[in-house]
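So the structure is just underneath, and the comments pick up after that.
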Amino acid sequence: MANDSQVMDKLVSLCKRRGYIFQSSEIYGGVGSVWDYGPLGVELQRNVKEAWWRAMVHERDDIEGLDAGILMHPRVWEASGHVAGFTDPLVDCKACKARFRADQLEESSCPRKPSVHPGEFHDCQLTEPRLFNLMFKTFMGPVEDQAAIVYLRPETAQGIYVNYLNVLNSSRQRIPFGIAQIGKAFRNEITPGNFIFRTREFEQMEMQFFVKPGSDEEWFERWRAWRLEWHQALGLAPARLRLHQHGPEELAHYAKAAFDIQYEFPFGWQEIEGVHNRTDFDLGRHQQYSGKKLEYFDQAANERYLPYIVETSAGADRVTLTLMVDAYREEQVEGETRVVLGFHPAIAPIKAGVFPLVKKDGMPELATELYHALKRRLPVFYDDSGAIGRRYRRMDEAGTPFCITVDGDTVSARTVTVRHRDSMSQDRVGLDQVEAYLRERLEV
Ligand code: ATP
């Protein structure tokens with residue numbers, strides 16, 4: 001990562017230039033903290049989600065997938081504690097009309113004098129803190145009254161809790177087992193920001209693991225280690241990853257223990273994933289509010305109990321941002337600045353660029369043929385415009401790990417050059433070996 005306080009600005013502009021991320025509704029002046037993923041961004045984020053799904057569902061025997069609705073029965077959010085407690089303390093400034101989180105005044109700046117905190121400019125008038133609920137409300141059906149209020153889910157986890165018996169009874173699982181889900185969540189954040197780090201609409205990758213009470217601490221430790229390993233395997237710099245244990249004041253009401261997996265962003269160490277020991281709080285509350293028994297019957301031991309839950313909760317957008325920040329670097333090459341997104345090949349949106357060296361002598365025909373053959377199996381990009389060096393630079397900025405050039409030797413000897421993004425070294429590879437050569441280097 002470039003050691004540069006401007007790195008976020010540079011990344012935002014690269015994301016727009018290369019089609020990673022655009023501001024939502026930009027032609028109307030943009031909408032607060034909502035971002036749209038462009039052609040490369042959507043591929044990158046799909047790779048993140050697929051890597052997660054593979055590790056959590058496909059490679060394990062003890063986790064099932066689920067895709068629950070965004071809208072749920074409103075009582076769900078009473079049971080979960082979100083109606084009463086999903087609030088942030090808020091203060092308004094009567095002088096400038098800006099709104100701040102009361103617990104983050106030290107990290108915020110006064111809009112009229114950014115070098116001071118809110119409340120420190122001569123005529124600031126901050127109100128007393130008020131509690132503000134972060135859930136988005138809407139109405140189900142044609143009548144907009146109190147009885148029709150539903151919420152956009154602020155987390156995906158509740159869809160898992162209310163379906164836990166459905167999954168258990170329809171699969172061959174026994175406790176301990178887990179349910180995994182990827183989906184949108186919405187929070188009316190008071191202070192969104194830092195690009196896609198904190199937004200109002202985002203995607204979560206959550207897994208709830210149901211265990212026998214008493215074995216929860218052991219499972220919590222396992223999941224904490226496995227999840228950290230997963231982030232490391234995506235190629236993140238190990239020195240920028242750490243675990244942060246929640247102290248008693250940080251611990252959520254439902255949690256017996258919690259760790260954040262944090263990454264060192266240009267704006268400081270921040271959470272990218274939480275691992276929580278939620279005890280039997282969630283199932284206990286849903287049992288109480290729904291009046292339905294949610295106990296598990298262990299036939300072998302002939303005993304009934306309410307399972308404990310170990311949760312792993314990551315934001316797909318935050319992981320995507322982390323990968324981009326970690327991958328971003330600038331290098332001086334032959335007197336010019338080279339910008340590189342050095343993604344692990346497994347998550348890079350485009351795996352290879354395919355170029356004819358020049359637009360004649362049979363090279364475009366061979367390059368197009370190779371491109372079409374590869375494209376059936378891998379995301380590849382064809383480019384025949386401009387000098388070869390410029391084409392390499394464009395692919396470096398897009399994070400493409402390999403560039404394949406068809407040249408005079410391809411026509412005579414049926415070999416191509418494969419140029420590596422990071423070392424810029426080149427290998428000569430047989431035309432019919434290109435796919436195998438790439439595949440070998442694309443696995444996580
Ligand atoms: P924070 O303290 O940053 O608000 P949180 O502790 O409320 O986060 P959780 O409720 O544990 O977060 O959510 C789990 C994960 O969901 C977070 O680790 C993060 O990756 C993601 N996430 C939460 N809120 C947002 C948001 N507003 N924008 C993007 N991702 C988010």
Side-chain angles (χ1 to χ4, degrees), residues 21 24 31-37 41 45 48-49 52 56 77 80-82 85-90 101-104 107-108 132-136 151-161 180-208 220 223-224 227-228 230-231 234 236 241-247 249-265 267-278 281-282 309-325:
I21 297 168
S24 165
V31 60
S33 101
V34 185
W35 299 88
D36 298 340
Y37 287 83
Q45 207 185 41
V48 168
K49 290 188 278 186
W52 188 87
M56 301 299 270
W77 306 109
S80 69
H82 283 83
F86 193 51
T87 49
D88 277 340
L90 194 85
R101 261 175 72 166
D103 55 343
Q104 288 181 357
E107 292 113 75
S108 315
F132 171 76
N133 195 294
L134 301 185
M135 280 198 293
F136 279 96
Y151 301 95
L152 300 189
R153 66 181 176 199
E155 61 177 30
T156 58
Q158 301 300 325
I160 295 182
Y161 305 142
Q181 173 167 227
I182 300 179
K184 289 270 187 178
F186 303 82
R187 296 183 186 178
N188 202 359
E189 301 274 7
I190 297 161
T191 48
N194 287 322
F195 197 23
I196 55 168
F197 178 81
R198 189 181 301 285
T199 53
R200 295 196 169 110
E201 172 179 346
F202 55 98
E203 214 161 358
Q204 289 189 311
M205 308 186 289
E206 293 198 303
M207 191 282 301
Q208 313 292 322
F220 177 70
W223 277 111
R224 190 181 61 193
R227 293 307 305 148
L228 184 62
W230 183 81
H231 290 278
L234 292 180
L236 296 177
L241 276 173
R242 73 176 185 196
L243 284 167
H244 161 78
Q245 181 166 20
H246 283 210
E249 321 77 58
E250 276 174 285
L251 220 48
H253 59 283
Y254 54 75
K256 172 171 161 187
F259 272 88
D260 291 343
I261 297 173
Q262 294 186 331
Y263 180 80
E264 191 181 18
F265 290 93
F267 45 90
W269 285 97
Q270 297 286 346
E271 167 183 345
I272 51 177
E273 170 156 0
V275 182
H276 310 125
N277 181 345
R278 302 182 64 118
F281 173 83
D282 306 281
I309 291 173
V310 174
E311 166 184 71
T312 72
S313 174
D317 312 82
R318 268 199 206 170
V319 174
T320 303
L321 177 65
T322 312
L323 289 165
M324 287 195 291
V325 166

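Order of listing sets the numbers, starting from 1, for every ligand and every atom in it.
For the pair Asp260 (side chain) and Gln262 (backbone), a donor-acceptor distance under 3.5 Å is absent.
Here the options are Phe265, Tyr263, Phe202, the test is ring pair (Phe, Tyr, Trp, His ring centres under 6.0 Å), and the partner is Phe197; only Phe265 passes.
Applying the salt bridge (Lys or Arg N to Asp or Glu O under 4.0 Å) rule to Asp282 yields the partners Arg278; only residues at least two apart in sequence or on another chain are considered. Considering only residues two or more places apart in sequence or on other chains, Asp103 meets the salt bridge (Lys or Arg N to Asp or Glu O under 4.0 Å) condition with Arg101.
Taking the ring centre of Trp230 as origin, the terminal cationic atom of Arg227 falls inside the region bounded by 6.0 Å and 45° from the ring axis.
Residue pairs meeting the salt bridge (charged side-chain N to carboxylate O under 4.0 Å, His left out) criterion with at least one partner in residues 190-207, sequence neighbours excluded, are Lys49-Glu203, Lys184-Glu201, Glu189-Arg198.
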Atom pairs, nitrogen or oxygen, ligand 1 to protein, under 3.5 angstrom:
from	atom 1	to	atom 2	distance (Å)
ligand 1	3 (O)	Arg198	NH1	3.3
ligand 1	3 (O)	Arg198	NH2	3.0
ligand 1	3 (O)	Arg318	NH1	3.3
ligand 1	3 (O)	Arg318	NH2	3.2
ligand 1	4 (O)	Arg198	NH1	2.6
ligand 1	6 (O)	Glu271	OE1	3.3
ligand 1	7 (O)	Arg187	NH1	3.1
ligand 1	10 (O)	Arg187	NH1	3.2
ligand 1	10 (O)	Arg187	NH2	2.9
ligand 1	16 (O)	Gln204	NE2	3.3
ligand 1	18 (O)	Glu271	OE2	2.6
ligand 1	18 (O)	Ile272	O	3.4
ligand 1	20 (O)	Ile272	O	3.0
ligand 1	20 (O)	Gly315	N	2.9
ligand 1	24 (N)	Arg187	NH1	3.4
ligand 1	27 (N)	Glu189	OE2	2.8
ligand 1	27 (N)	Thr199	O	2.8
ligand 1	28 (N)	Phe197	O	3.4
ligand 1	28 (N)	Thr199	N	3.0

